[in-house]
Amino acid sequence: MNEYFAPMEGITGYIYRNAFQKYGWKMEKYFSPFLAPKTNTKKCFNHREYEDIRPDHNEGLHLVPQILTNRAGDFLKLAEALEELGYQEINLNLGCPSPTVVTKKKGAGFLGEPEKLREFLEEIFQGTSLDISVKTRIGLEDPEEFTKLLEIYNQYPLKELIIHPRIQKDFYKNTPRMEAFSYGLEHSRAKVCYNGNLFTKEDYQTFCGSYPACTHVMLGRGLLANPGLLQEVHNKTPMDRETFSCFHREIYENYQEVSCGERNVLFKMKELWFYFREMFPEGKKQIKRIKKAETLRKYEEAVNDLFQNVPLYYESQMTGKES
Ligand SMILES: Cc1cc2nc3c(=O)[nH]c(=O)nc-3n(C[C@H](O)[C@H](O)[C@H](O)COP(=O)(O)O)c2cc1C
């Protein structure tokens with residue numbers, strides 16, 4: 001199975017990716033959080049975006065930059081800039097469900113305009129020789145929309161089609177609509193990658209058992225919560241507390257180096273703990289202190305207490321079995 005790390009805006013930037021590549025599983029590809037073309041300026045990237053995709057910030061990992069737009073000209077302008085930086089594949093975001101994006105008919109909002117989407121694809125595939133992959137939801141309001149969308153995708157030489165089988169209206173709720181995924185797997189001309197709700201080893205194995213023809217998966221929240229998930233899936237030693245702590249420290253220290261101010265660092269770290277907390281079911285007290293910390297000192301005290309004194313979820317399961 002080929003495994004990709006999903007793009008997650010605000011979280012899986014280069015600092016996270018590099019730490020994950022060092023302490024977690026070696027992913028086949030990482031997808032960058034979306035880059036949005038700029039209007040009223042010649043610049044292609046803002047500072048944060050450029051820092052994220054700079055080749056020297058992504059050495060040793062295979063990064064695919066992602067673009068969010070519904071204007072072919074803007075897409076091609078960014079594509080050219082990315083090509084100059086040495087990228088050979090770019091990804092188109094047709095999945096973002098956020099209302100601010102969707103009302104502008106971008107992301108999953110673009111799925112509601114199939115004819116415009118077809119024209120857009122026509123123009124971008126004509127306009128660049130870079131590989132283009134697509135990350136898509138299965139529709140805006142109704143999973144039935146997917147048949148028509150797939151017919152459109154099949155007219156173009158997509159590098160691959162990453163299917164997150166939810167409609168926009170699902171946001172991240174409900175379970176993925178596997179019937180639509182099966183349809184996509186069977187009828188897509190492009191190679192298909194599955195994305196959605198692979199949170200545990202059991203989820204992963206059930207998926208592989210049910211879809212033996214699918215050779216690519218993309219994981220997001222499952223890996224954020226449990227950076228050792230793929231070690232577990234592949235029956236390797238799970239990530240231990242010491243490694244988890246080093247992984248955390250690497251991200252924390254690097255955020256401090258690049259972020260301006262304590263508040264920003266705390267905000268970024270607390271965002272991560274929204275996911276990490278799943279690894280420490282017995283750490284409610286410490287997690288609460290992390291959430292409440294208003295200074296780096298208080299944050300560090302709570303985190304150290306957690307790493308020193310609270311078992312990871314599988315350690316508590318083992319102790320439970322022994323007693
Ligand atoms: C906080 C957050 C940020 C996300 N940012 C992006 C993004 O920039 N581009 C994108 O294509 N998907 C984005 N997604 C969607 C994920 O890439 C992925 O499709 C989704 O989480 C489902 O996969 P999972 O169940 O493995 O997490 C985001 C999701 C979350 C929760």
Side-chain angles (χ1 to χ4, degrees), residues 1-14 16-17 20 24-25 27-37 45-46 48-49 52-53 63-70 75 78 89-102 106-111 132-139 158 160-168 170-178 180-181 184 192-204 206-208 214 216-227 229-230 233 267-278:
M1 187 62 90
N2 298 274
E3 289 142 350
Y4 299 161
F5 211 126
M8 305 194 75
E9 228 259 305
I11 306 175
T12 60
Y14 75 99
Y16 181 91
R17 292 194 296 269
F20 188 88
W25 192 250
M27 306 302 286
E28 183 112 348
K29 288 182 188 176
Y30 292 81
F31 288 72
S32 81
F34 65 77
L35 306 164
F45 313 107
N46 63 28
R48 183 185 51 77
E49 289 173 342
D52 194 39
I53 50 140
L63 180 68
V64 179
Q66 185 188 65
I67 300 180
L68 174 85
T69 186
N70 57 7
F75 182 97
L78 261 190
E89 177 187 342
I90 36 183
N91 180 260
L92 171 67
N93 179 326
L94 292 175
C96 182
S98 146
T100 45
V101 167
V102 170
K106 296 179 194 167
F110 208 176
L111 303 177
I132 301 173
S133 57
V134 167
K135 181 165 179 278
T136 188
R137 287 196 177 224
I138 55 169
L158 272 56
E160 55 191 322
L161 179 65
I162 301 157
I163 305 177
H164 177 54
R166 286 186 163 98
I167 53 171
Q168 183 270 334
D170 290 329
F171 289 90
Y172 294 101
K173 299 189 300 274
N174 309 328
T175 45
R177 298 166 186 264
M178 299 312 285
F181 175 72
V192 165
C193 171
Y194 173 78
N195 169 239
N197 286 35
L198 299 179
F199 298 136
T200 62
K201 177 176 176 171
E202 291 69 36
D203 293 339
Y204 190 110
T206 306
F207 175 80
C208 293
C214 185
H216 291 69
V217 288
M218 172 183 268
L219 296 97
R221 292 165 298 169
L223 280 179
L224 284 187
N226 179 0
L229 176 59
L230 290 172
V233 162
F267 178 81
K268 301 284 282 176
M269 294 312 296
K270 288 179 190 181
E271 218 173 354
L272 275 176
W273 280 101
F274 174 78
Y275 297 96
F276 288 169
R277 63 184 179 175
E278 311 242 337

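The structure displayed is predicted, hence computed values, not measured ones. Counting convention: from 1, in listed order, for ligands and their atoms alike. Reckoned from all heavy atoms, side chains included, excluding hydrogens, waters and symmetry mates.
- For S32, no nitrogen or oxygen atom sits less than 3.5 Å from a nitrogen or oxygen atom of ligand 1, counting backbone and side chain alike.
- In summary, the atoms of ligand 1 found under 4.0 Å from a heavy atom of L219, numbered by their order in the structure, are 26 (O).
- Taking CG of L219 as the reference point, atom CG of L198 lies at 5.0 Å (rounded to 0.5 Å).
- Note: F276 and W273 have perpendicular aromatic rings, judged against thresholds of 30 and 60 degrees for the angle between ring planes.
- Using modelled atom types, one side-chain atom of R166 and one backbone atom of Y172 make a donor-acceptor pair closer than 3.5 Å.
- Residue N197 places at least one N or O, backbone or side chain, under 3.5 Å from an N or O of ligand 1.
- Regarding atom 29 (C) of ligand 1, its nearest protein heavy-atom neighbour is Y172 OH, 3.1 Å.
- Protein heavy atom at the shortest distance from atom 13 (C) of ligand 1 is P7 O, 3.0 Å.
- The closest heavy-atom contact to atom 4 (C) of ligand 1, among the options R166, Q66, E9, comes from E9.
- Between L198 and ligand 1, no N or O atom pair is found at a separation short of 3.5 Å.
- Remark: L63 CG to F5 CZ distance equals 12.5 Å, nearest 0.5 Å.
- Taking 4.5 Å as the limit, some side-chain heavy atom of I90 sits within range of a side-chain heavy atom of F75.
- The number of heavy-atom neighbours closer than 6.0 Å to CZ of F171, taken from other residues, nucleotides and ligands shown, is above 12.
- Note that the CD atom of Q168 and the CD1 atom of I138 stand 12.0 Å from one another [nearest 0.5 Å].
- Contact atoms of ligand 1 toward P33: 8 (O) (distance under 4.0 Å to a heavy atom of the residue).
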Test side-chain contact (heavy atoms from CB on, under 4.5 Å) applied to E160 and E89, step by step: CA-CA 10 Å; E160 55 191 322; E89 177 187 342; 3.9 Å; yes
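- For a threshold of 3.5 Å applied to N or O pairs, the pair formed by G220 and ligand 1 contains at least one separation below that value.
- Close contacts of ligand 1 with N93, meaning ligand atoms under 4.0 Å from a residue heavy atom, involve 9 (N), 10 (C), 11 (O).
- Considering K29, H216, M27 in turn, H216 is the only one that fulfils the side-chain contact (heavy atoms from CB on, under 4.5 Å) rule with N2.
- Taking the six-membered ring where tryptophan is involved, the planes of Y194 and F207 are essentially parallel, since the angle between them stays under 30° and well short of 60°.
- Residue contacts with ligand 1: G196 is included, with a non-hydrogen atom under 4.0 Å away.
- Of all atoms in ligand 1, numbered sequentially from 1 with element shown, those under 4.0 Å from a heavy atom of A6 are 17 (O).
- Nearest protein heavy-atom neighbour of atom 19 (O) of ligand 1: N195 OD1, 2.6 Å.
- Between H164 and ligand 1, no pair of N/O atoms sits closer than 3.5 Å.
- When non-hydrogen atoms are compared, ligand 1 lies under 4.0 Å from the backbone of M8 as well as from its side chain.
- For ligand 1, the atoms sitting less than 4.0 Å from at least one non-hydrogen atom of R221 are 21 (O), 24 (P), 25 (O), 26 (O), 27 (O), numbered in the order shown with element in parentheses.
- Counting protein heavy atoms only, atom 12 (N) of ligand 1 is closest to K135 NZ, 3.0 Å.
- Not a single donor-acceptor pair under 3.5 Å links the side chain of R17 to the backbone N or O of S32.
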